[in-house]
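Data block below; observations after.
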Amino acid sequence: MNLKSLILQALLVSDFGPRITIKIVERLREDILNGKLKSGSEIKDALKKSVLDLLTSKGSNTELRLGFRKPAVIMIVGVNGGGKTTSLGKLAYRLKNEGAKILMAAGDTFRAAASDQLEIWAERTGCEIVVAEKENAKASSVLSQAVKRGKEQGFDVVLCDTSGRLHTNYSLMEELIACKKAVEKVVRGAPNEILLVLDGNTGLNMLPQAREFNEVVGITGFILTKLDGSARGGCVVSVVDELGIPVKFVGVGEGVEDLQPFDAEAFVNAIFS
Ligand SMILES: Nc1nc2c(ncn2[C@@H]2O[C@H](COP(=O)(O)OP(=O)(O)O)[C@@H](O)[C@H]2O)c(=O)[nH]1
Ligand SMILES: [Mg+2]
């Protein structure tokens with residue numbers, strides 16, 4: 001097998017997807033042809049470097065942008081089951097430990113059990129929470145109410161859960177637009193962040209998901225979840241490369257401490273380990 005097909009195989013196995021694989025191979029092509037890259041380990045290092053370059057050149061700003069107006073508002077969006085509510089809980093824990101006063105907003109009014117799940121996280125992390133007062137409440141009004149309370153009572157950050165359906169679901173997208181407008185009405189410049197949760201197991205379907213959510217509401221960062229399992233989440237490299245949006249956090253389990261700031265170097269090492 002020649003070098004080029006070796007590299008192709010390595011990248012495809014890592015779940016990178018064809019487009020980005022070809023891009024990386026093209027980048028290494030010259031060095032392979034003129035004999036600069038010879039041994040397996042040289043190639044591996046060059047591969048790592050080129051993936052790391054893609055990740056850091058396009059999406060290097062992994063800090064949360066919380067701005068100066070209080071409260072900062074963070075919306076968590078994504079398809080069902082990806083880990084929105086869990087990530088919100090873990091993010092609350094992290095920000096609270098950094099000294100922020102956190103209010104949660106149970107904006108998933110689509111599933112009955114969703115606010116119960118968030119209430120458990122509120123208890124677990126010692127944060128306050130706003131839930132819908134009546135059944136069939138609009139998500140946007142729950143978020144609006146939460147941000148108002150956040151503003152009146154001096155909260156630093158309002159973390160907004162939202163409901164997930166497929167990214168192709170028209171009414172979900174309408175709802176997210178309404179949510180965004182509702183919080184903007186209360187605090188200018190809000191939401192500060194709209195974080196899209198991507199399940200590390202999703203593979204190539206990540207790309208259409210990310211495109212769609214980004215087109216509709218404008219994504220400011222990704223949370224890549226479930227990296228504690230067998231998934232390595234390589235496909236997120238294509239997403240970062242295409243959309244130029246950074247991964248801000250990774251989820252590595254279901255516990256309160258299992259959300260870590262994205263570390264591009266560690267991520268790339270794990271992909272090629
Ligand atoms: N192992 C693991 N499980 C996770 C992670 N994030 C979420 N989950 C689990 O994935 C399932 C769906 O999560 P949930 O937060 O309810 O997803 P949502 O529908 O997007 O709100 C739950 O069983 C979570 O415990 C993670 O980083 N690692
Ligand atoms: Mg949820």
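This one's a predicted model, so the numbers in the text were calculated from it and none came from an experiment. Numbering of ligands and ligand atoms starts at 1, following listing order.
Atoms of ligand 1 lying under 4.0 Å from at least one heavy atom of Asn80, given by number and element, are 19 (O). Interface of Thr85 with ligand 1, defined as ligand atoms under 4.0 Å from a residue heavy atom, comprises 15 (O), 21 (O). Atom numbering of ligand 1 starts at 1 in the shown order; those under 4.0 Å from a heavy atom of Val79 are 20 (O). For ligand 1, the atoms lying closer than 4.0 Å to a non-hydrogen atom of Gly251 are 27 (O). Close contacts of ligand 1 with Val252, meaning ligand atoms under 4.0 Å from a residue heavy atom, involve 27 (O). Those atoms of ligand 1 that come under 4.0 Å of a heavy atom in Thr86, given as number and element, are 6 (N), 7 (C), 13 (O), 14 (P), 15 (O), 24 (C), 25 (O).
Looking at Lys90 and Glu254, no side-chain N of the basic residue comes within less than 4.0 Å of a carboxylate O on the acidic one, giving no salt bridge. Of the charged side-chain nitrogens involved, none lies within less than 4.0 Å of a carboxylate oxygen, so that Glu30 and Lys36 do not count as a salt-bridged pair. Using a 4.0 Å cut-off between charged nitrogen and carboxylate oxygen, Lys49 and Asp45 do not count as a salt-bridge pair. Salt bridge present: Lys23 and Asp241 bring a charged side-chain N and a carboxylate O closer than 4.0 Å.
For atom 18 (P) of ligand 1, the closest non-hydrogen atom on the protein side is Lys84 N, 3.4 Å. The protein heavy atom nearest to atom 17 (O) of ligand 1 is Gly83 N, 3.0 Å. When only non-hydrogen protein atoms are considered, atom 1 (N) of ligand 1 lies nearest to Asp228 OD2, 2.7 Å. In terms of protein heavy-atom proximity, atom 25 (O) of ligand 1 is nearest to Glu254 OE2, 2.4 Å. Of all protein heavy atoms, the one lying nearest to atom 12 (C) of ligand 1 is Gly81 O, 3.5 Å.
In terms of polar-atom proximity, Gln117 is counted as a contact of ligand 1, with an N or O under 3.5 Å from an N or O of the ligand. Considering backbone and side-chain atoms together, Lys226 places an N or O closer than 3.5 Å to an N or O of ligand 1.
Contact annotation: Gly253 has at least one heavy atom less than 4.0 Å from an atom of ligand 1. Residue-ligand proximity: Asp258 is placed with every non-hydrogen atom at 4.0 Å or more from ligand 1. Assignment of Gly229 to the shell around ligand 1 is not supported, since no heavy atom sits closer than 4.0 Å.
No donor-acceptor distance shorter than 3.5 angstrom exists from the side chain of Ser238 to the backbone of Ile20, with no hydrogens or angles considered. In this structure, the side chain of Thr225 does not engage the main chain of Gly251 through any donor-acceptor pair within 3.5 Å. In this structure a side-chain-to-backbone donor-acceptor pair under 3.5 Å is present from Lys84 to Val79.
Here Lys90 has side-chain heavy atoms under 4.0 Å from ligand 1, and that is the only part of it that gets that close.
Evaluated for a ring pair (Phe, Tyr, Trp, His ring centres under 6.0 Å) with Phe267, the options Phe222, Phe262, Phe249 yield exactly one hit, Phe262.
Under 3.5 Å, the side chains of Gln153 and Glu128 contain no donor-acceptor pair of N or O atoms.
Side-chain contact between Val247 and Ile223 is absent, with no heavy atoms from C-beta onward closer than 4.5 Å.
For a distance bound of 2.8 Å, the N, O or S atoms of Thr85 include one lying that close to the Mg ion (ligand 2).
Linking ILVMFWY residues whenever their side-chain heavy atoms come closer than 4.5 Å, directly or via other members, places Trp121 and Ile76 in the same cluster.
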